[in-house]
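One structure is given here, and the rest of the page talks about it.
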2 protein chains.
Amino acid sequence: MTKQKSNTLSDSEVQQRLRAIGLRPTRQRLALATLLFAQGDRHVSADDLFKEARANGIAVSLATIYNTLHEFTAKGLLRAVSVDSLGTYFDTNASDHHHFFFERSGHLQDIPKNNVHISSLPQAPKGTKVSRVDVVIRLKD
Amino acid sequence: MTKQKSNTLSDSEVQQRLRAIGLRPTRQRLALATLLFAQGDRHVSADDLFKEARANGIAVSLATIYNTLHEFTAKGLLRAVSVDSLGTYFDTNASDHHHFFFERSGHLQDIPKNNVHISSLPQAPKGTKVSRVDVVIRLKD
DNA sequence: ATTTGTGCAAATCGTTTGCATCTGA
DNA sequence: TCAGATGCAAACGATTTGCACAAAT
C-alpha cells in the first residue's frame, strides 16, 4: 500500500514552485512535478516515470523525461543517486541523507540522516572542497 | 607515497595465484593479472585495461577483458566501484576502504580505511544483513 | 516575435550475449 | 579428449543528441 495522497499539490502551487526556480511551467513539467511530489519520498528511474506518465494519460516523450529530471536535479528539487551501474534513480527527497541498497533487487531505501554518524573524515585534497558525502549500506537480501 | 613497483610478479607467482582461486592460468588472464597488479593501487575501467593490454602487445578481446575483470572481482582480487553512471571502475585494492570522487574529472582516489569512522549505523532491515558500507566523498574540484 | 521546450528517431556508450573456434590440463 | 576460455560481431539498455515543430512569455 502506497502512501496515500494527502497530496496532489494544486496546479498553481506547482506552477509557482517551477517559476521560483526559473523554469517555465509547461504542461509536461507541471504534470511530471505533480506526479513526482504528490507522493512521499521515492526513487524513480527515468523509465519508471515515463511509464507512470503514460499510465496517467500524460503525453510526454522519454527525451523530455530526461530533460526534466536533470533540470529538476540541477535546481535541487531532486537528487540523483546511482549505485552499481544499473542506471540512475532520482530521489524525490533532495535533503541530506543516505541509502540502503538491496543488492538482489537493486532497490534503494532512504536512511534518515541522523541514523548515520560519521565521526571522522579525512581532509579534502588541497584545492578541492567536499561537495557531499554519500553513504550506501549494501544489503545482502 | 604510492607503493613502489618492486613489481612485475613472475609468471609463476601469478600462475599460482590464479590456480589458488580456481581459475585456469590462460595467456590472457596471466597477462591481465600481471598488468593489473604490477603497479600499486589503481582504478581501471574495462576500456583502460583493454587499451593498456593492446599497448603492451597483448592480444585480447574486450569481451575477455570484461569476463576477466568480473571473474577477478568475484574471486576477491578486485573490487568494482561505480559512482554516478559513468561506467564501472575496478579497484586493484580489494580491501575495505572508501573513496574520494573528483566530480569534474570523474576520477577516484582511495581513502585509507581508518581515515573514516562511522560511529553509528542504523540496523539492517529484518531479513537482510550488511554486505558492505560504501562511503564516497564527492569533491568539487 | 522571440525564446524556450518538446518529440522523434538516430546515434552513443558501456556492457553483455551467442556461438563457433581454440586451448590448457 | 573435453570442459573451460576466447574472439567476434551482433544485441542491448540506458542516456543523449540533432533538428524541425509547438508552446510560453
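Proteins get letters first, then strands, A, B, ... in listed order; numbering begins at 1 in each. The figures here come from the full heavy-atom set of this structure, side chains too, leaving out hydrogens, waters and symmetry mates.
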Nearest-Å distance, CD (B:Q16) to P (C:dG24)? 18 Å

Only one of B:V44, B:L69, B:D91 passes side-chain contact (heavy atoms from CB on, under 4.5 Å) with B:L78, and that residue is B:L69

Side-chain ion pair, A:E52 and A:R42, N-O less than 4.0 Å: yes

note: A:F50, atom CZ; D:dG13, atom P; distance rounded to Å ~ 15 Å

Return the value, rounded to whole Å, for the distance between atom CZ of A:R29 and atom C1' of C:dT4. 8 Å

Length of the CG-P vector between A:D84 and D:dA14, whole Å: 15 Å

Per A:V60 side chain, nearest of listed nucleotides D:dT6, C:dT4, C:dG7: C:dG7

Report yes if the side chains of A:E71 and A:R29 come closer than 4.5 Å at any heavy-atom pair, otherwise no. yes

Can you establish whether the number of heavy atoms outside B:R54 located under 6.0 Å from its atom CZ is more than 12? no

Between A:R138 and A:F100, is NZ or CZ placed under 6.0 angstrom from the six-membered ring centre and within 45° of the ring axis? no

Does A:S61 place a side-chain N or O at less than 4.0 Å from the phosphate oxygens OP1/OP2 of C:dC8? no

Mind calculating the distance between CG (B:L23) and C1' (D:dT6) to the nearest angstrom? 14 Å

What does nucleotides 10-22 of chain C look like as a protein-contact string, B for base, S for sugar-phosphate only, - for none, at under 4.0 angstrom between heavy atoms? ----SBBB-----

For the pair B:R79 and B:D134, find out whether any cationic side-chain nitrogen is under 4.0 Å from an anionic carboxylate oxygen. yes

N/O donor-acceptor pair under 3.5 Å between A:H98 side chain and A:V135 backbone: yes

Angle class for the A:H97/A:H99 ring planes (parallel below 30°, perpendicular above 60°, tilted otherwise)? perpendicular

Centroid-to-centroid, B:H107 to B:F101, below 6.0 Å? no

So what does the secondary structure string of DNA chain C come out as, 5' to 3', with Watson-Crick or wobble pairs under 3.5 angstrom, [ ] for crossing and | for pairs with another strand? ||||||||||.|||.||||||||||

Which nucleotides of nucleotides 20-25 of chain D have their base under 4.0 Å from a protein heavy atom (B), which only their sugar-phosphate (S), and which neither (-), written as one string 5' to 3'? ---BBS

Tell me, which of residues 72-82 of chain B have any heavy atom that sits under 4.0 Å from an atom in DNA chain C? none

Any side-chain heavy atom of B:F72 within less than 4.5 Å of one from B:L36? yes

Atom CD1 of B:I58 to atom P of D:dG7: distance rounded to whole Å? 11 Å

Test salt bridge (Lys or Arg N to Asp or Glu O under 4.0 Å) applied to A:D141 - qualifying residues, sequence neighbours left out: none

Can you measure A:D48 atom CG to D:dA14 atom C1' for me and round it to whole angstrom units? 13 Å

Sequence neighbours excluded, the answer for side-chain contact (heavy atoms from CB on, under 4.5 Å) partners of A:I21 is A:L18, A:L23, A:K75, A:L77

Rounded to whole angstrom units, what separation is found between the CG atom of A:L32 and the C1' atom of C:dT6? 12 Å

Would you find more than 12 non-hydrogen atoms of other residues, nucleotides or ligands less than 6.0 Å from A:R27 atom CZ? no

Determine whether a donor-acceptor pair (N or O, by modelled atom type, separation under 3.5 Å) exists between the side chain of A:N93 and the backbone of A:S95. yes

